[in-house]
Amino acid sequence: MLEKKNLTDLAESFSRFEIECGMFHVKISGVKVWQYIRNDIYDLHLRMIYGFFDGSGLQKITGIEDKNRYKVWDRMKDKLMYNQTFIGRRDVLIFASARKVMDNNYKYRDVYTDIIDKKLEQSHYLLDVTRLPQASPNLIHIDIERFKKNKGITDEVINISKEEFENKIIRPIEIYYDIQLNNNHKRQILVLLQKRLEKRKSLAAYYSYILEKSRPKIILIVGVSFEMAVLCAVAKRRNIPVVVLQHGEITSTEPIYNSQKRINISTYPDYFFVFSELERKRGKFMIPSSRVIPVGYPELDDYIKNTKSGKAEKEKKEILIISCVDENLLKFTRELADKIDGTKYRIVYKLHPVEYGNWKKAYGSYLLHPNIDVAGDKSKIIYDFFMDAEWVLGMQSTCLYEATAFDVKIAIVDSPFKRDYEEFFELGRANLISSVDDFLGIIDQKNVNSMASTAWFENNSMERVQRAIDDIIASNIKGC
């Protein structure tokens, strides 16, 4: 049976399992499948061991709350202006993420790609699957279903042999970890694998169409989802380098950043643009370290350069708690609200975007409290909250790294993820707390470090991004 161990050990054991059992070479229905389901299986292990709070039932943002602001004429105009049918040649393709914030004109922008889109010197497109109104003149709406309909393409029908699936996927896991997966878990993995194999060819056809029309020299993506994994494979066949823009902390608890061996996989990106040298050294990538390039974070760098420093005086000091979709943090927040002096302090609980839709139903028993304000919409970027905060608390979030660049005190609530923040503690940038009483013991201390630091993010980020893109394009052309 799996022991309850720290998450770094788990990730390392998972990487060894993949290599020792040859999982990347396993074929089902003639396709190497492990790369399409490995992250899901790893997350399954996490749920089994630690019993993480399951936020999968929370309603994700769909843009419904913004529908009235997106006028019919604007919707029709955008459908014509940003139609993938009219795509032409561009040097760079940028695939946007779903993480959007809204400006004063009710237009949306992607926090991971917006500054690059605005300042990149090469000709480029910003490709986005979302249908929120956006201001980018380089926008192209991704519409895979429309493409399939126009081309007469249907998803492949695949019937995976249950015996083959269990022999090649389930049994190696059970033998290596000495566990028995229940039928529900087996069924979930099987259904997921079947759906992805059925979509794989039509997705590949779509990306081939986009790449043939645009002929890019480089592709930028945010994260390696199943769809982006298929894109990587298609791009590799065309010798087009794919770069992942870092969008979350590089942690030893995630398989993508904790590989025990360099492996040439068609669905793995060619480069990573990371926040800092610290982040580059922390990760164990499947690619050479020379292809992991510290460039900073353009959104953060741009905000700091264009925002006046200094906090406005407020009646109550603000404690900002960053959600990570974890019930233990909710319990911590409620206890803190019960114990804190509400005349001196105000708690702001910043929801994760996946929680915006129905947090009252899911979390009301924890967060509906006179000492807690719940923040959750797209109209305010996280950095605005940092500017107002005295303290920033959390268990696991990229926002905790971003907080280091601001004049705030930081406390990390003890959890299996605390090892991801060892540099914080070593450099005296954050305090590790195991209880509400621990926090209350330091809340008013004057000697708690709140100095903004650049250790976790390179400065002049957009200049670094531009230089790295120039170098990759030049190197790829030279190598052809």
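- Here E299 pairs with R109 in a salt bridge; the nearest charged N to carboxylate O distance falls below 4.0 Å.
- Other residues, nucleotides and ligands contribute at most 12 non-hydrogen atoms within 6.0 Å of the NZ atom of K281.
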Apply side-chain contact (heavy atoms from CB on, under 4.5 Å) to I322 and F385, showing your working.
CA-CA 10 Å; I322 307 295; F385 291 98; over 6 Å; no
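- Atom CZ of R38 is separated from atom CD of E18 by 4.0 Å, given to the nearest 0.5 angstrom.
- Judged by distance alone, the side chains of E402 and Y303 never bring a donor and an acceptor atom under 3.5 Å apart.
- Counting heavy atoms from C-beta on, the side chains of F272 and I250 never come closer than 4.5 Å.
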Going through the distances and angles, do Y207 and I219 end up as a side-chain contact (heavy atoms from CB on, under 4.5 Å)?
CA-CA 12 Å; Y207 291 131; I219 298 170; over 6 Å; no
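- With salt bridges taken as basic N to acidic carboxylate O contacts below 4.0 Å, one links D414 and K418.
- E327 and Y366 share a donor-acceptor pair across their side chains, judged by distance under 3.5 Å alone.
- Looking only at side-chain heavy atoms (C-beta outward), V224 and P269 come within less than 4.5 Å of each other.
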Evaluate side-chain contact (heavy atoms from CB on, under 4.5 Å) for L192 paired with Y36, printing each intermediate quantity in order.
CA-CA 9 Å; L192 178 70; Y36 296 126; over 6 Å; no
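- Evaluated for a salt bridge (charged side-chain N to carboxylate O under 4.0 Å, His left out) with K217, the options D470, D471, D91 yield exactly one hit, D91.
- A cation-pi arrangement, defined by a distance under 6.0 Å to the six-membered ring centre and an angle within 45 degrees of its axis, is present between R291 and Y271.
- To the nearest 0.5 Å, the span separating CD on Q396 from SG on C324 amounts to 6.5 Å.
- The stretch residues 315-325 participates, sequence neighbours left out, in these side-chain hydrogen bond (donor to acceptor under 3.5 Å, both in side chains) pairs: E318-R346, S323-Y349, S323-E355.
- A pairwise comparison of heavy atoms in A405 and I304 identifies CB-CD1, 3.7 Å as the closest pair.
- Aromatic ring pairs are classed by plane angle as parallel below 30°, tilted from 30° to 60° and perpendicular above 60°; the pair Y206 and F147 is perpendicular.
- Contact of the K409 side chain with the I443 side chain is not registered, since no non-hydrogen atoms from C-beta on lie closer than 4.5 Å.
- Salt bridge status for E212 with R238: present, with a side-chain N to carboxylate O gap under 4.0 Å.
- Applying the salt bridge (Lys or Arg N to Asp or Glu O under 4.0 Å) criterion to D384, with sequence neighbours excluded, gives no partner residue.
- Annotation: side chain of L120 is in contact with side chain of Q466 (closest heavy-atom distance under 4.5 Å).
- Note that OH of Y401 and CZ of F457 are 9.0 Å apart. Values are rounded to the nearest 0.5 Å.
- Note that OH of Y363 and CG of L329 are 9.5 Å apart. Values are rounded to the nearest 0.5 Å.
- Using a cut-off of 4.0 Å between Lys/Arg side-chain N and Asp/Glu carboxylate O, K118 and D302 are scored as not salt-bridged.
- No side-chain heavy atom of F285 sits less than 4.5 Å from a side-chain heavy atom of V244.
- Contact detail for S461 and G296: the closest heavy-atom pair is OG-C, 3.2 Å.
- Atoms CD1 and CE, from I381 and M387 in turn, are 12.5 Å apart once rounded to the nearest 0.5 Å.
- No donor-acceptor distance shorter than 3.5 angstrom exists from the side chain of Y108 to the backbone of K100, with no hydrogens or angles considered.
- Side-chain contact, Y345 with D444: a donor N or O sits under 3.5 Å from an acceptor N or O.
- The closest side-chain heavy-atom distance from H124 to I218 is not below 4.5 Å.
- By the 4.5 Å heavy-atom criterion applied to side chains, I142 and F95 are counted as neighbours.
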Decide side-chain contact (heavy atoms from CB on, under 4.5 Å) for E249 and W456; before the verdict, give the C-alpha distance in whole Å, the side-chain angles of both, and the deciding distance to 0.1 Å.
CA-CA 10 Å; E249 71 266 35; W456 288 273; over 6 Å; no
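- Shown are L320, V374, I321; of these, the side chain to side chain contact (heavy atoms under 4.5 Å, CB included) with K350 is made only by L320.
- Contacts of R464 classified as salt bridge (Lys or Arg N to Asp or Glu O under 4.0 Å), with partners at least two apart in sequence or in another chain: E458.
- A salt bridge links E12 and K284; the closest N-O separation between the charged side-chain nitrogens and carboxylate oxygens is under 4.0 Å.
- Within a 6.0 Å sphere centred on NZ of K380, heavy atoms belonging to other residues, nucleotides or ligands number more than 12.
- Side chains of F417 and M395 form no contact here, defined as non-hydrogen atoms less than 4.5 Å apart.
- Residue S136 is tested with T113, D110, D128, D117 for a side-chain hydrogen bond (donor to acceptor under 3.5 Å, both in side chains); the sole match is D117.
- Between F14 and F17, the angle of the ring planes lies from 30° to 60°, which puts this pair in the tilted group.
- The line from CD1 of I210 to CD1 of I87 is 4.0 Å long, rounded to the nearest 0.5 Å.
- Surrounding CG of N306 are more than 12 heavy atoms belonging to other residues, nucleotides or ligands, all under 6.0 Å away.
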